[in-house]
Each structure stands twice: as C-alpha cells, then as structure tokens.
There are 2 protein chains.
Amino acid sequence: MYRYPVTSRILLAIDCIIFGFDGKDIKLLLVKRNLEPEMGKWSLMGGFLREDEDLEVGAGRIIYDLTGLKNIYVEQLETFGKVNRDPAERTVSVVFFALIQIEEHDSEAVKNHNASWISLDQRPGLIFDHNEMVSRAIEHLRYKAALHPIGFELLPELFTIPQLQKLYEAIYNTPLDRRNFSRKLLSTGLLIDTGFKNNNSTTKKATLYKLDTIRYKEKFHAFWNFMPDSMKPVKI
Amino acid sequence: MYRYPVTSRILLAIDCIIFGFDGKDIKLLLVKRNLEPEMGKWSLMGGFLREDEDLEVGAGRIIYDLTGLKNIYVEQLETFGKVNRDPAERTVSVVFFALIQIEEHDSEAVKNHNASWISLDQRPGLIFDHNEMVSRAIEHLRYKAALHPIGFELLPELFTIPQLQKLYEAIYNTPLDRRNFSRKLLSTGLLIDTGFKNNNSTTKKATLYKLDTIRYKEKFHAFWNFMPDSMKPVKI
DNA sequence: CCAAAAGTGTTCGTTGTACACCCATGT
DNA sequence: ACATGGGTGTACAACGAACACTTTTGG
C-alpha cells in the first residue's frame, strides 16, 4: 500500500468528559490513572484509538467500558495537541463530551476502574492538560444548555419541573425564578405530562413529565432560550 | 524516553476551510491537490502536522503559506477520523475554520498553490471526506454568525451597513429587511462612524463604519441576535 | 425631475421578567 | 393549622417584525 512520505506518525488518544447529575450537583466521572506516567493520579477516562476504529466508535467503547452504557449523548468537543502535553511521548487527544443519566451507570464497572463521581467544585487537580479540557467542557455545557435542550440527557426518564430547575441552577450556579422557569419549559412543548406524581417530596407532590422524544429530535437544533439573558456567558 | 506500549501511531493531517466574501458571494479557497493519491483533484488546503508544532501553529502555517496572512480568525472545527477516509493510509484530520478579508490575501501565493476562490454554490466535488467538512463548516458559519459578531472578520476594515447586510444575506441565502437590519446592527454598539462616505455607489453614498475592536473583544462571547428568528437553523 | 439606494420613524404583537396568590401534603 | 413546596395568573417593559416616509445622488 502507498504511504505518504512523512516520518512523524503519532499516537492518538481519546479522552472522555462524562457529566452526571445527582439531583443536587453536576458531577464528573474521573478515574485514577492505571498506567505510567502519572499512575495513580486523577485523570479523565481515556484510551488510545485503535487501528480499526473510527473516532466516535473509540469514544463509545471507552465510555461503555467505564459505565456500561450505550446510546447516550456524546459529542466531539475539541482536539488537544500541544507538543509537550504528554511527557511520555507526543500524543494528540480528541476529547469527547458525554451526558449520562447517573442512575443508569454500572457501578461495578466504575469501581473496577477506580473511578468516582466527583462534584465540579470538589474536583481534584488532573494530569496533563485535563484541567483545561474540563474547563472547556463546562463552558460548552453552559453554552449549549442555554440554547438546546441537552439538559434532559442528565435526568431520568421521568422527572419533575422542580428537578429540572435544580439541574439548570446547578449548571449555571445561580437561582432561577420558579414560576418563569416552569412556564418557559412548559411552553417548549417538549414535556409530556405522564399523569403520575412524584412521591419523594414531603409536601405537595410534583407532576412527573417525560420528554417528547419526537419533538426533541425534530427541534433539537433550533435556538431556544433556556436561560435568562442575565445568565448568558457574558451580559450584553 | 518512555513510550506507550501501543503499536498504532498514525498520520495527523490538518485541513483548512477558508472563507472569504467578495461583496456578493461567500467564497471558499480551494486547491488542486499536488500529491498522490487524487493528485490534480480539488480539495481543501491541508498538510501534515509536524513533530515540533502545536495544532493551531500547524493551521496557522498552512493558512499563511497559502494566503500570506497572519492574525486572522481561526477556530478548530472538528476532527475527522473515519478508518478509511484516506485511501493511502490511515490519516486523522483536524479541520480548522478560517475567515479572512478577501482583499488582503496574497494572490501570488494563491496562484502558486493552484488555488482559487470559488463561490459556495459553484464548488466542485472534493476528495475524501472534504465535502462533509465543508458542509459542517457552512453549518458552523451560519450557526455562529447568528449569535456572535464573526461576520466582521470577512469585511474590509471600513465597511457600510448595506455591505454588511449583503454579507448576512449571502451567509443565509435570504433577503433581509434593510431598516430592521440597520437598526439592529447599530444597536450592538460595535460600529464606529468614521465620518467618511462610500463612493462606489452611483446613488446616495453610504456611511463608512469601522469595528469597535475593544467592545468586539469584550463582548464577543455574548449571545447576540443577528438573524431574524425565522432564519435560525430550525424554526421553532 | 426622476430613479435608486440610504437613512429614520411608527405601530403592533410577542416575549421576558418581576411580582402575588392559591393549592396540596405531612407533621 | 401551619410550614413547605408545587402550580397558575397578571402587569409592564423590551424587543422583533412589518411597513411608510424622507434624503441624497447621478443621469
């Protein structure tokens, strides 16, 4: 087979930023690295791209390996390629961004990888440029969740509006007006009233909704306005 | 030096999508490929990542090589890595997205690379997965230009509001209301009246504005609303 | 003086925001 | 009955969309 007359073939890594929501905080799935260099230190879950595998397939494999989940929300985020980002040898890393329903993960698999769910504000320092990757991912989450209905990917199949609100409050780290939030979300036409009521509550039981997946897929790329303007990345 | 016990090191390419605006149409800078395979066919401008170079530096080098321009608007777009995307050997390509002021480019350099500025609707079929890359880039241009003031990157230093409108009409391939457009753009606070008037016109001369670069940098990441809602990617 | 392009103004409906009030539940 | 949290309503300001009129310029 013809090969390009170029000498520098390099290692391609995949790193995955996996977000979850426990009802209170946004959490990151982090692992204690099991290879040198930096063995035992906290890092993102990652791996090397295989010869016979597409990038997204590689990301899916790595995420499945750690969480036991398939068919979740995964997006390519950005590729990090600074010359010395990995002290062992030159490695370019394609970073993926994933949102999962935290209840669904396989806790055995997570334990076997020495992984933990860690709140954003309690996250430890990470190896290499992984801190930068996480910063970018948080920025992306805030950006995208303001315009597109990705928040639902972090909630269980049935959820209440107050739960949804707590999620957005966690993402933007700010309180929201209950009444305006509720009206805005209901007006999206994405929520289907299941008729059931939540019974976790000690007081009035909230209505359980599910996502209208048809409309969700149809209108995903529309521009919504899930955040008050004052919360957008920069006030105008 | 320690190396990872992994066999598959692969070739990393950089491909650049370079947009310009000639006052009428959005144009792409495309080249006739000068190496095998697919020599002589139309493709994006690209190259291989060097051992000692960061990704963005590589992209800057390739764009400079073709256009003679530095310090232009460049963004990493997406990384393409399908196993068989390049028939010669496995190559993963990091795609960059660039906007330039078309008048400023070095036409000698462009000629030497067998490159041409080609209108979007007249673009030829491209090699490999480059058509897909271009589609993604157009989508990204439309998305981003609706929310952030990147349009200015395609205009000369001094420009008129009608010119700006023609640019947005070209990006979205749709007519816009002159009066609403003008008011909206003036209200951004990004335009500085230079006091000069355009003299290309055969009728009334339009005011020449320049970009308020201070405010531009400060507020770049804010969410604007440069397009009528009806033009957003999907109508709600 | 007329056509063509640039600039300014007005009206109206929709949306966002800041509020107040009522309802259901467990103690 | 009351505290806690869930659900609905209203009033006002801000913004976007549609549309009319005036001004400048070259022929």
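Residue numbers start from 1 in every chain, and the chains themselves are labelled A, B, ... in the order their sequence lines are given, proteins ahead of strands.
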Self-check item: Protein-nucleotide distance (Lys184(A), atom NZ; dT14(C), atom C1'), rounded to Å
Solution: 14 Å

Quiz item: Could you run down nucleotides 19-27 of chain C 5' to 3' and tag each one B, S or - for protein heavy-atom contact under 4.0 Å?
Solution: BB--BBSS-

Quiz prompt | Validation row, ring centre Phe181(A) to ring centre Phe226(A) under 6.0 Å | solution = no

Quiz prompt | Sequence-distant partners of Glu75(B), salt bridge (Lys or Arg N to Asp or Glu O under 4.0 Å), two or more places apart | solution = Lys144(B)

Quiz prompt | Partners meeting salt bridge (Lys or Arg N to Asp or Glu O under 4.0 Å) with Arg61(B) (sequence neighbours left out) | solution = Glu53(B)

Quiz item: Could you state the CZ-C1' distance from Phe196(B) to dT24(D), rounded to the nearest angstrom?
Solution: 20 Å

Practice problem: With sequence neighbours excluded, give me every salt bridge (charged side-chain N to carboxylate O under 4.0 Å, His left out) pair touching residues 175-191 of chain A. | Solution: Asp177(A)-Arg179(A)

Exercise. Starting from P on dG16(D), measure out to CZ on Phe226(B) and report it in whole angstrom.
Key: 11 Å

Quiz item: Hey, does the side chain of Thr207(B) come within less than 4.0 Å of dA6(C)'s phosphate (OP1/OP2), counting only N and O?
Solution: no

Quiz item: Does the gap between the ring centers of Phe97(B) and Phe19(B) come in under 6.0 Å?
Solution: yes

Exercise. Only counting residues at least two apart or in another chain, list the ones meeting salt bridge (Lys or Arg N to Asp or Glu O under 4.0 Å) with Lys27(A).
Key: Asp22(A)

Exercise. Please state how far atom CZ in Phe181(B) lies from atom P in dA18(D), giving the value in whole angstrom units.
Key: 16 Å

Practice problem: Would you classify Thr160(A) as touching base, sugar-phosphate or nothing, given that sugar-phosphate means primed atoms plus P, OP1 and OP2, and contacts are heavy atoms under 4.0 Å? | Solution: nothing

Self-check item: Spacing between Gln163(A) atom CD and dG6(D) atom C1', to the nearest angstrom
Solution: 13 Å

Exercise. Round to a whole Å and report the spacing from CE of Met227(A) to C1' of dG16(C).
Key: 13 Å

Quiz prompt | Whole-Å distance separating the CG atom of Leu185(A) from the C1' atom of dG7(D) | solution = 14 Å

Quiz item: What integer distance in Å separates Asp193(A):CG from dT8(D):C1'?
Solution: 15 Å

Self-check item: All pairs passing side chain to side chain donor-acceptor pair (under 3.5 Å) where residues 122-136 of chain B contributes a residue, at least two apart
Solution: Glu78(B)-Arg136(B), Arg85(B)-Asp129(B), Arg136(B)-Glu139(B)

Exercise. Examine dT15(C): is either OP1 or OP2 under 4.0 Å from a nitrogen or oxygen in the side chain of Asn225(A)? Give yes or no.
Key: no

